[in-house]
Amino acid sequence: IELDFLTSADKPALLGLSTPELQETAKTALDQLGFKVHTAVNHGEFLHKFAQVPYQVVVIEELFSSTTPEENESLRAIQRMSMSQRRQTVFILFGFNMATFNPMQAYQQGVHAVVNPSEMFLIIQLVQKAIADNDMFLNTFREVQRRMA
């Protein structure tokens, strides 16, 4: 097992992408945004890493380590997670049948944003928008939590 030490200043991100081009593009973009990027090659590794680290961003492919979306164990596990397990993470799903930033498709898939890989050239802006939208959505919740603490 590869050990990667994180500090409180690190912004961890996890990639579950089977397509090498998508993985390289997403990794480069997240590196540029200051994230410490971890990659997974299969569902076991993805789920193990997600359980060990409070990732701020997770980018997963609809067909990650599977031939159909229904066989994507990692995506199914994300969809079943309780909000307390998911709250700190922005989930972005890549899929060729997705319309980038379609809120209904994102809701149906249990993620924050969906991205069509044909728009990978905008990945930095798309990740920034997904994070900003999630921060705005959770702002009131986080403020109440902070006041109660």
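As the structure is a computational prediction, the values presented were derived from the model and not from experiment.
- In terms of hydrophobic clustering, with Ile, Leu, Val, Met, Phe, Trp and Tyr side chains grouped at heavy-atom distances under 4.5 Å, Ile60 and Leu63 are assigned to different clusters.
- In terms of modelled atom types and a separation under 3.5 Å, the side chain of Glu143 and the main chain of Asn139 share no donor-acceptor contact.
- The aromatic rings of Phe50 and Tyr55 lie parallel to each other, their planes meeting at an angle below 30°, with 60° marking the opposite boundary.
- Of all the heavy atoms in Phe96 and Pro117, the pair that sits closest is CE2-CB, 3.6 Å.
- Between Leu15 and Phe46, every side-chain heavy-atom pair lies at or beyond the 4.5 Å cut-off.
- Considering OG1 of Thr19 and CD of Glu62, their distance stands at 11.0 Å, rounded to 0.5 Å.
- A distance-only check finds no donor-acceptor pair linking the side chain of Glu61 to the backbone of Gly16 [under 3.5 Å].
- Heavy atoms from other residues, nucleotides or ligands lying under 6.0 Å from CZ of Phe121 number more than 12.
- Between the side chain of Asp10 and the backbone N or O of Thr7 there is at least one donor-acceptor pair closer than 3.5 Å.
- Salt bridge status for Lys27 with Glu24: absent, with no side-chain N to carboxylate O gap under 4.0 Å.
- With Arg146 contributing its side chain and Phe141 its backbone, the two residues share no donor-acceptor pair below 3.5 Å.
- One distance of note links CD1 of Ile124 with OG1 of Thr25; it measures 10.5 Å at 0.5 Å rounding.
- Checking side-chain atoms of Ser66 against main-chain N and O of Thr68 turns up a donor-acceptor pair under 3.5 Å.
- Of all the heavy atoms in Thr39 and Lys49, the pair that sits closest is O-NZ, 2.6 Å.
- Not less than 6.0 angstrom separates the ring centroid of Phe137 from the ring centroid of His112.
- Rounding to the nearest 0.5 angstrom, the gap separating the CD atom in Gln88 from the CG atom in Asn134 is 10.5 Å.
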